[in-house]
Each structure stands twice: as structure tokens, then as C-alpha cells.
Amino acid sequence: MRHVILFLICMFACSLQAQSINEEAFSLLNLNYPGLEKVKELYEQGKKEAAAQALLKYYRNRTGVVNPAIDLNNITINKREQQWADEALEHTFYVHDGYQPAFNYGKDINWKYWPVKDNELRWQLHRHKWFTPMGKAYRISGDEKYAKEWTFQYLDWIKKNPLTQVDKEEYELASTGEVRGNAENARFAWRPLETSHRLQDQINQLTLFINSPSFTPAFLTEFLVNYHRHAVHILGNYSDQGNHLLFEAQRMLAAGAFFPEFKEASAWRKSGIDILNREIKVQVYPDGGQFELDLHYHLACIEIFCKALRMADVNRFRNEFPSHYVNTIEFMIMFYMNVCYPDYTNPCFSDAKKGNPQTEQANYKEWLKLFPENKQILYFATNGQEGEAPVNLSKGFLKSGFFTFRNGWKKDAMVMVVKAGPKGEWHCQPDNGTFELWFNGKNLFPDSGSYIYAGGPEVMKLRNWFRQTAVHNTLTLDNKNQETTESVTKLWKPEGNVQILVTENPSYKELKHRRSVFFVNQQYFVIVDEAIGNATGNINLHYQLCDGDIDIDAKTFSLSSNFAGENQVKLQCFAPKKTTLKEEEGWYSVAYRQRTERTAVSFNTEKKEKENVQFITVIYPTKGTKGFPKIEAKIKSNSSDTMEVEVSLNGKKQTLNYQLQ
């Protein structure tokens, strides 16, 4: 019995210790802020506990500050979120869609657990994605177990993940093992991107949990001190560029707007606004494309800019964003609209993911709130029931290097998207000249995608396979990655019966790749690839189709599909003598750590010095295999600025030509 009593006394003492007030919180707040009069009075009287109680009462009853992400009168939770919340009670944490079922991190949570040496698995653990679903589950059910466990995990994370000094460049290391000791953990736990993610989501968590008995005055003081530590850390460690910098700035803006009681709140808000106003001019090309040239991150950047506006609107500081900022968001939406398919999905160039059609349509509904007069956004927000489809079909974005050949906006349309632009940032792949082709509801030539990001040797091996130039629909020298990705648009003609794109990329030393694409009668494509220069070696023209049954005829260099349904394609290549056809390993990925095997081939020929190599490829989509024509094609003449190609379908000849200005 004596042991039991001692145990209970010990537990009570620990409980008191855990609930002690963190007095630092009061020094971080502007106690002269309207509404904190009672807090200030009690604190100056030395009544810390009573001051903390008054501070909690203030936050529970605060008005005038709005969190646009949470409507307390309309809380919903989907099945996935409920699962994350319930599993989190047992310390099985949802970290990443690519790693399901989720891993368990132990009764005594091991925040350093790294079951697969994928950096994303380690970084994203520290985003605490399950915390907000726990808050939703609490608000809907009223079950205190969610709030009690959340406060425990929140404090446990603080205790086990101290902010250790890390060199700024070490936060973004792709490799593993270079940073050791406490800094090794801090580079994952306190990377500015993850820190900003917590900074944003803890606004939601306070909103959802603030009325819980587990959200005590003492916990509030720990929460505020930790939150302040996050904001100060980001302020001194902003990422240098790219979407990371935008995420961090938008979340600093939100922190300053939602917690105006902090002494530095106005500086936080101003910092975020200044960066967003500056970077929207740096990171977005005049044609609306985001400079990372990855449609997944293009979409993310639209959302970043829009979130900043929503926070500004509900908290009355929209005037701090100039008209250029708002107009640029609209340009970005129009860009995205034109490079997507009729089912709302986007090409998976670079590190892009395919996306979910319902989610993407929901984006248009949100964008419509910001741009209610835009009839084209209305069209996509209502699935074509209202508004107007874009008046254009084909569309080129010459600065960003995205070109769309299109014969319609409905799901039976034919849409080819070509990527051939400037050098992108980290997420961009060496794939200039590549394309995807959608036909009648099916992506016939999906991009290889990325599959995985970065980490240990096995992870990097997988990433590098999907990134290589040779697994894209483009041309290589000796199957090597392009050394330079800086395509120049030589011609873009998006109207008429024969629409034309000519791009040129200085892919290798002494070898440039010119690709000419003809969209003929809005029915089929003719692609002329030229390897130009003094380089010698093996020229490889690669094509990757979708998964399914494809007949390969090595004699005629033709590939003919036999897919289920009305989505068929025939590809035939007309190549120099002594060219060989080779079947290659083929995969494509539309989501993280998901891949599908598919047919891939290359046409290969030797190039001698000063000898240019030319290929003609005809791609003919049709709704049935009986519609495949007999194809013939040849180059009748060409020079440095002219091209004339003769194509014959079932004996009917057509001449395609251009002259560069």
C-alpha cells in the first residue's frame, strides 16, 4: 500500500511539474494589446497562474481575428482523417501517402525513427499532419481522449526535438549521413519548410482545441513560447528561393495576422507580405508559368498566393497586396487551365503528380471566389455547366516553354502538351522536348514522373532512374542526360489546319536537338527530330507509351496498340538506314512511390562528325484498331530555316512545311 501511495504522490508531483506556467510567454506578448488588460494587471501583481488563466480566457473569447481555414460551425471530417486521428492515439502516425499503412513510432514516441531512408519520410513526420484531424475528431465527438493525447504529443515533441544550430545549407541536403549528432535530427525537425507547416497548422489546432480541459493555462504558455520559437526560426532561416520560400512567407504572414498579441507580430506579417509581393515577380514568368516548371508546384504556388489573400481579406489588410499580385494569380490559373486535360488532371512532367479530379475542380471553385467575373474559371468550377470554355484551343507559353495542341475542351478531345523551355529549378528534369498525349479520355504517352524524391543510396537510385532523359519522349546522345536544358522557340503557329511548333535545345556539347511538331487537321501528329552538330556517337529517339497491349513491328518501326476501349494509337518512325529498334525498360509514376510498367522503345542510329541525323515520327490516335492507316513519310527538303515533309496516309499525300523568320 505504501508503494502505491508513493507512486500516486510521484505522479501528482509530475503532473504539477508538467502543468507549471512558462513565464517566458508573458515577455513575448504585448500586454498593452487591447483585451489583455486583465492579463497585464495580474502578471504585474506576480500572479502568474491567474494571469495565465486570464490569458486562456482571452483566447477562448477572442473576436476580431479570423482563421479562414476553420469554420467552427461547420466542422467535417472524412474517413481518412478520422483514421489518422484514431491511429495517432496509438502513435501510428500518418506521415506520407507513399508509405501506407503508416508506421508506429512506439509507446514512448521515437521522433527519430526512420524506417526507410527517404528524406520525405523523416521531414514530413515533423509536419504533424494528424494533429488537425485529431482536433476535428475532438470537436465533432467531444471525446477528450483526442485533446489529451494531442497535448501530450505536442509537449513530447518539444522535449525531444530541441532547436539545435544547423548550417542553413544542411537543411536541404539530399544525401544522408553528412550531418551527425543533435544537428542530424534538427535538420529534419527544424527545416524551415516543416517549421512553417507547423506554424500554419497550429493556428488550426488552437482553434479546434482551445476549449478543451486539456488545453490548460500552463499548456497555453508552452504553446505560445513554442510558437514564437517557430516564427523567429523561420525569420532567420528563410529558404533562398522557390516554393519553399513562398510557403514560409505565406505562413509567417498568417502567424502575424492570427497572433497580433506577439510583440513581433506586425514584423512577421510584413515579412511574409514583402516576400510574396517580391517573389511573385521573380518566380512567375510573364506568361503565368512558375519558374520551377513543375505543374504540381505551379498549382501549389497558386494556392500559396491565394491563401495569403484569404487571410488578408478576412482580417482586413488586402490593401497590402497590389493589383499586380492579384492579376498574376489569375494569369497563373489561366496558364494551368490551358496545360491540363479535360478531366482536370495535369501532365506529370518533372516531379509533378497527376492530381485528383475532384480536388482540382474544387480548386476552381475556390479560385472563383477571388475572380467571380472570370467566365472561364466558372466553366471549370461548374464542370462546364456555366460560364464559357476558353475561346482558344491550342495555346503556347513561350517563356515557360509549355505548348498545348488541342482540338476541344471536352473529355473526347485530343490534347498534346509539349515541354521545351528554360532551365528549371530542383524539381525540373532534363527532358526538354518531351510531351504527353491525351486522347478520348486516356493518356497515351504519360510522362515518367518522379516516383520518389531524395534520401539514401537506394532512394537516389530510384529517383535518378525516373529523372533520366532516356525515359522521356525525346532524343539523347549515347543515352546520356541532356547537359543543357535551355530550349528556344523557333516557331509557334497555333491556328489553321496544320499547327506547328519548332523548338531547339542545345542538349550536348556540339549537338543541338531541333524538334518540329505538326498537328495535322486536328487529327494526328508528325514529329521531325534533328540531331544537328559535330558530335559523334549513338543518337537515340525514345518513346514511352501507356500500359497495355502494344504490338511492335521491328521491320516497319511501328507500334500499334490493342487497348481495351476506344483509345488506340499507332506510332511509326521513319529513320536513317541502319537504324535499330530497341525495347527498353519502361515505367511511369503519377503519385509518390507508385509506378506502372509500360512499353518503351528507342530508335538508334550512329552519327558521324558533321552529319546531321533526322527522324520522322507519325502518331495517329484513333477510336479503334481498324482505323489505323498505312503510313509513309519522308523529308523532301530542309535547311537551317526550312522544312518540307511529305506524309501519306492510305496513299493520300499531304505536304507539311515551314520557313523560319
Side-chain angles (χ1 to χ4, degrees), residues 17-70 131 135 150-151 154-155 157-159 162-163 190 195-196 198-237 248-249 251-273 311-312 314-317 320:
Q17 184 180 9
Q19 292 295 311
S20 62
I21 302 299
N22 189 333
E23 192 172 351
E24 184 185 353
F26 298 102
S27 69
L28 303 176
L29 299 174
N30 172 16
L31 296 181
N32 293 316
Y33 190 83
L36 296 181
E37 295 83 2
K38 189 65 174 178
V39 178
K40 180 180 180 181
E41 178 186 346
L42 291 168
Y43 181 67
E44 289 180 345
Q45 293 174 0
K47 299 176 181 179
K48 295 186 295 183
E49 288 79 7
Q53 184 67 54
L55 185 60
L56 179 60
K57 182 178 180 181
Y58 164 81
Y59 276 110
R60 284 176 171 171
N61 296 284
R62 185 180 68 167
T63 58
V65 176
V66 180
N67 175 8
I70 298 290
F131 275 3
W150 173 72
T151 57
Y154 188 96
L155 294 173
W157 186 90
I158 294 174
K159 179 177 67 176
L163 178 52
W190 287 95
T195 307
S196 74
R198 296 192 298 270
L199 196 75
Q200 174 176 268
D201 284 6
Q202 286 176 24
I203 291 174
N204 299 335
Q205 292 147 28
L206 180 136
T207 304
L208 293 164
F209 284 118
I210 189 69
N211 291 319
S212 162
S214 298
F215 204 119
T216 63
F219 178 82
L220 174 62
T221 60
E222 292 289 356
F223 180 95
L224 292 173
V225 170
N226 183 54
Y227 196 86
H228 181 271
R229 184 184 301 121
H230 278 57
V232 170
H233 178 61
I234 296 169
L235 201 62
N237 292 277
E248 292 153 16
R251 291 159 179 174
M252 283 295 287
L253 175 160
F258 190 78
F259 287 106
E261 303 84 7
F262 281 114
K263 291 176 180 177
E264 300 105 319
S266 60
W268 298 347
R269 195 180 89 177
K270 183 177 185 303
S271 171
I273 292 172
M311 181 61 83
V314 298
N315 291 292
R316 302 173 302 282
F317 57 92
E320 296 183 33

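Position 1 is the first residue of the sequence, and the numbers go up from there.
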Which pairs, with at least one residue in [range] and sequence neighbours excluded, count as a salt bridge (Lys or Arg N to Asp or Glu O under 4.0 Å)?
range            : result
residues 206-220 : none
residues 34-43   : none
residues 42-69   : Glu23-Lys48, Arg62-Glu261

Could you state the interatomic distance from [atom1] ([X]) to [atom2] ([Y]), rounded to the nearest 0.5 Å?
X      : Y      : atom1 : atom2 : result
Thr195 : Leu163 : OG1   : CG    : 7.5 Å
His228 : Lys263 : NE2   : NZ    : 8.5 Å
His230 : Gln200 : NE2   : CD    : 12.5 Å
Leu208 : Ile203 : CG    : CD1   : 12.0 Å

Look at the aromatic rings of Phe223 and Phe259 and report parallel, tilted or perpendicular, splitting at 30° and 60°.
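Phe223 and Phe259: tilted rings.
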Does the plane of the ring in Phe262 sit parallel, tilted or perpendicular to the ring in Tyr227? Use 30° and 60° as the thresholds.
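Ring orientation, 0 to 90° scale: parallel.
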Applying ring-ring contact (aromatic ring centres under 6.0 Å, His included) as the test, list every pair that has at least one member in residues 25-66; sequence neighbours left out.
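The answer is Phe26-Tyr43.
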Where Leu56 and Ile210 come nearest, the two heavy atoms and their spacing
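Scanning both residues, the minimum pair turns out to be CD1-CD1, 3.7 Å.
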Once side chain to side chain donor-acceptor pair (under 3.5 Å) is applied, do any residues pair with Asn315, and if so which ones, sequence neighbours excluded?
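With sequence neighbours excluded, Asn315 shows a side chain to side chain donor-acceptor pair (under 3.5 Å) to no residue whatsoever.
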Strictly by modelled atom types, are Tyr154 and Gln202 linked by a side-chain donor-acceptor pair under 3.5 Å?
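Side-chain D/A pair, Tyr154 to Gln202: present.
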Side-chain polar contacts of residues 212-219 - donor-acceptor pairs under 3.5 angstrom, sequence neighbours left out - could you list them?
from	atom 1	to	atom 2	distance (Å)
Ser212	OG	Glu144	OE1	3.4
Ser212	OG	Glu144	OE2	2.5
Ser212	OG	Ser214	N	2.9
Ser214	OG	Glu144	OE2	2.5
Thr216	OG1	Gln19	OE1	2.6
Thr216	OG1	Phe219	N	3.0

